[in-house]
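To start, the structure under review is shown below, and the notes come after it.
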Amino acid sequence: MRDILKIGGQEISSRLFLGTGKFSSNRLIPQVVEASGAQVVTVALRRVDLDYEEENIAAYVPKDCILMPNTSGARNAGEAVRIARLARAAGCGNWIKIEVISDNRYLLPDNYETIKATEILAAEGFVVLPYMSPDLMVAKKLAEVGAAAVMPLGAPIGSNRGLKTKELIKILIEEIALPIIVDAGIGRPSEAAEAMEMGAAAVLVNTAVATAGDPVVMASAFGLAVRAGRIACLAGPGETLDYARSSSPLTGFLRD
Amino acid sequence: MSFYGELQRYENFDFELFFKQVTDAGIKRIIAQHRLNERDYLALLSPRAENFLEEMAQKAHRLTVQHFGRVIFLFTPMYLANYCVNQCVYCGFQVHNRLERKKLSPAEVEKEAKIIAATGLKHILILTGESRQESPVSYIRDCVEVLKKYFTSVSIEIYPLEEDEYAELIAAGVDGLTMYQEVYNEEVYAELHPGGPKRNYRFRLDAPERACRAGVRTVNVGALLGLHDWRSEAFFTGLHADYLQKNFTDVEVSISPPRMRPHLGGFQPRVEVSDQNLVQYLLAFRLFMPRGGITVSTRERAELRDHLVRLGATKMSAGSCTAVGGRSDQESTGQFEISDERNVVEMADMLYSVGYQPVYKDWQSF
Ligand code: SF4
């Protein structure tokens with residue numbers, strides 16, 4: 001089955017996106033990417049050290065991957081925009097994941113600043129993927145100003161708590177024409193599969209893999225789960241019922 | 001607005017009595033909680049909680065890995081000048097001590113910067129004694145301008161400034177502030193600071209807030225352990241960090257638990273703070289502020305630092321030197337003796353060997 005996700009003119013066959021923070025060694029990154037089959041890999045530009053190849057996180061991302069720098073560390077739209085421009089100037093391509101966080105206690109995204117940054121960068125020709133708190137009106141606005149996809153959180157970053165915002169993400173999937181990529185919060189492969197079954201276009205996972213006992217094996221589990229969830233979504237899951245269908249229907253007499 | 005108001009709530013607080021009332025069941029319940037309030041934090045600093053260090057350690061480790069990953073941020077200090085007009089009784093640089101006073105010229109700063117930059121580190125912390133005459137803000141700004149060529153992040157550990165002075169340095173490229181209150185107990189503070197502008201307790205206490213208002217990205221606060229009862233000092237340090245995080249949500253807040261080290265002058269610590277005490281402090285803080293940074297300096301010996309990697313530490317200094325220009329000039333006298341003498345490569349090797357990654361660059365001003 002050929003099932004391709006298209007973002008910013010690029011065809012992507014793996015719907016698992018990977019984050020690169022928190023690993024115990026950059027050297028694990030190529031193995032993790034390979035085991036998971038991921039094609040899109042995000043790196044924090046704040047960690048990219050172009051002068052020092054050995055510790056430069058971006059150097060560990062396999063060349064055939066789409067490098068998606070992110071604006072982690074940006075506290076407002078202005079900083080996010082500057083980081084994005086710097087990433088492009090440094091040769092990191094024109095994909096950018098907008099992360100604007102001005103709350104260090106919970107690391108929740110600032111939707112308002114995110115919209116502003118998205119608008120500016122989309123106009124400059126970036127492929128902009130904004131990380132956001134799942135809110136329908138914000139997602140609409142992001143689509144309007146030129147986002148290439150929308151990345152709602154499932155739970156706070158790094159919490160591994162799963163799809164706590166499920167109902168809100170469902171609404172985005174129903175209402176927004178752009179790909180919805182669940183970013184943050186997914187802690188287990190089963191949760192990634194669930195997001196995919198719901199109709200998410202992709203999921204982004206970092207902490208769950210990086211902090212697993214065996215990150216490489218966990219990466220492969222996530223790869224499989226995302227595929228399983230996607231196939232299930234395409235297959236059209238059967239209706240779920242809250243109660244058993246009665247064998248003696250209440251309206252049966254009408255047909256008797 | 002000031003943290004001083006928060007401190008005053010504890011003016012006549014009876015720590016002894018509070019600690020007596022802490023129970024084993026209470027401690028277990030607190031460890032299991034998702035979120036701790038300030039009294040919970042204090043309970044974890046109690047003598048009774050010493051029986052639960054392993055449980056606290058397990059949780060602290062999990063929380064740290066969850067929020068920061070298996071990484072340790074590395075940085076190194078650089079002493080710009082050791083002129084000082086203060087009389088802190090515990091410090092080698094105090095005005096009455098006879099040592100060669102020095103300050104680096106911009107060219108010397110550049111020379112040291114090159115040596116440090118060759119190790120790959122991108123974060124630097126610059127220090128001076130307190131002398132507005134010898135190392136005025138304009139001098140510090142000139143040094144920052146040189147350092148910006150070599151480092152992506154420059155933090156300051158200097159005398160407290162006014163808000164507009166912080167803004168000036170931030171505009172020049174400073175992004176982090178370290179400010180140790182040294183001792184939060186106001187009476188003890190007065191005793192230990194017999195002369196000089198540092199006697200002004202409030203001006204120092206409020207400095208991190210002024211820096212936050214001026215737009216600094218990171219603040220690091222701490223009490224110098226050994227000057228007063230460590231449990232209450234650890235408590236107030238945690239409250240200070242929490243207060244700053246609450247009021248300046250976009251600032252990354254961290255603490256340091258520096259213990260007194262030998263230095264010229266030979267002041268003996270008033271209070272012994274054992275390794276176990278230090279560990280308890282770090283664990284309690286981690287449970288109280290799961291996302292708060294914890295900086296462990298080379299004041300601590302190598303073996304202990306190796307263990308602290310898995311007990312909540314997030315930032316460590318490496319290849320440290322506490323003498324002005326000490327990297328290019330081996331003769332100078334340091335502020336205190338460092339304990340972990342490992343260079344950056346040795347630190348990185350240690351971190352890799354325990355399953356952690358050293359991070360040399362975590363920010364640049366964009
Ligand atoms: S601690 Fe600082 S202010 Fe006090 S004497 Fe030493 S250098 Fe001066």
Side-chain angles (χ1 to χ4, degrees), chain A residues 19-29 44-57 60 71-76 78-87 89-90 100-108 110 113 156-161 187 206-212 215, chain B residues 34-35 61-74 117-123 150-153 175 215 217-219 241-242 244-254 289-293 309 344-345 348 351-366:
Chain A
T20 51
K22 300 189 178 177
F23 282 99
S24 58
S25 164
N26 285 340
R27 291 170 207 126
L28 271 174
I29 293 170
L45 197 71
R46 67 196 284 184
R47 292 263 176 97
V48 173
D49 186 351
L50 296 167
D51 304 333
Y52 193 38
E53 199 61 6
E54 200 189 331
E55 296 298 338
N56 179 13
I57 196 163
Y60 290 84
T71 66
S72 150
R75 298 176 297 181
N76 52 49
E79 285 184 347
V81 166
R82 286 201 295 280
I83 293 174
R85 289 177 185 154
L86 212 113
V100 181
I101 291 171
S102 55
D103 147 54
N104 271 306
R105 210 172 266 270
Y106 303 99
L107 294 184
L108 292 171
D110 182 330
E113 294 290 314
I157 291 187
S159 68
N160 282 350
R161 285 203 211 125
N206 183 4
T207 307
V209 171
T211 66
Chain B
H34 176 57
R35 190 148 182 198
H61 174 66
R62 279 201 310 276
L63 286 171
T64 312
V65 171
Q66 178 192 336
H67 291 293
F68 296 89
R70 289 194 173 87
V71 304
I72 294 284
F73 305 102
L74 295 181
T119 65
L121 292 183
K122 284 289 163 82
H123 288 212
Y150 299 92
F151 303 99
T152 60
S153 167
D175 54 53
R217 293 190 64 83
T218 65
V219 286
D242 184 54
L244 292 168
Q245 190 67 89
K246 266 193 199 131
N247 286 285
F248 305 96
T249 60
D250 60 355
V251 173
E252 283 177 23
V253 178
S254 54
M289 278 185 74
R291 286 206 38 78
V309 169
V344 178
V345 175
L351 289 171
Y352 280 125
S353 76
V354 296
Y356 275 66
Q357 173 164 219
V359 172
Y360 295 62
K361 172 177 182 264
D362 186 47
W363 181 248
Q364 73 185 90
S365 16
F366 294 100

(message) Nearest 0.5 angstrom please: B:Thr249 OG1 to A:Leu108 CG, how far?
(response) 10.5 Å

(request) Below 4.5 Å from any heavy atom of chain A, which atoms of B:Phe68 appear? Answer side chain, backbone, both or neither. (result) backbone

(message) Heavy-atom pairs under 4.5 Å with chain A - which of B:Thr152, B:Val65, B:Val354 has more of them than the others?
(response) B:Val65

(request) Measure A:Thr207 against the heavy atoms of chain B and call it side chain, backbone, both or neither at under 4.5 Å. (result) side chain

(message) With a 4.5 angstrom heavy-atom cut-off, is it the side chain or the backbone of B:Thr218 that approaches chain A, or both, or neither?
(response) neither

(message) A side-chain contact here means heavy atoms from C-beta on lying under 4.5 Å apart; do A:Leu28 and B:Gln357 qualify?
(response) no

(request) Mind ranking B:Gln245, B:Met289, B:Lys246 by heavy-atom pairs under 4.5 Å with chain A and telling me who comes out on top? (result) B:Gln245

(request) Examine distances only and state if a side-chain atom of A:Lys22 and a backbone atom of B:Val71 form a donor-acceptor pair shorter than 3.5 Å. (result) no

(request) Measure A:Arg85 against the heavy atoms of chain B and call it side chain, backbone, both or neither at under 4.5 Å. (result) neither

(request) Give, as side chain, backbone, both or neither, the part of B:Tyr356 having an atom under 4.5 angstrom from any heavy atom of chain A. (result) backbone

(message) Taking side chain as everything from C-beta outward and backbone as N, CA, C, O, which of these in A:Asn26 sits under 4.5 Å from a heavy atom of chain B? Side chain, backbone, both or neither.
(response) both

(request) Against chain A, label B:Arg35 side chain, backbone, both or neither, depending on which of its atoms sit under 4.5 Å from a heavy atom there. (result) side chain

(message) Quick check for you: among A:Ser24, A:Ala210, A:Gly73, A:Ser102, which has the greatest number of heavy-atom pairs under 4.5 Å with chain B?
(response) A:Ser24

(request) Would you mind telling me which of B:Val251, B:Ile72, B:Leu351 has the largest number of heavy-atom pairs within less than 4.5 Å of chain A? (result) B:Val251

(request) Determine the option with the most heavy-atom pairs under 4.5 angstrom with chain A, choosing from B:Arg217, B:His67, B:Glu252. (result) B:Arg217

(message) Please find the pair of heavy atoms, one from B:Lys361 and one from A:Leu45, that lie closest to each other, and give the distance.
(response) NZ-O, 3.2 Å

(message) Taking every non-hydrogen pair under 4.5 Å, which of A:Leu107, A:Val81, A:Asn76, A:Ile157 racks up the most with chain B?
(response) A:Leu107

(request) Hey, could you give me the CG/CG distance between A:Asn104 and B:Asp250, rounded to the nearest 0.5 Å? (result) 7.5 Å

(message) Can you confirm whether B:Asp242 sits close enough to A:Arg105 that some side-chain heavy atom of one is under 4.5 Å from a side-chain heavy atom of the other?
(response) yes

(message) Using 0.5 Å steps for rounding, measure from the CZ atom of B:Arg62 to the OG1 atom of A:Thr211.
(response) 11.5 Å

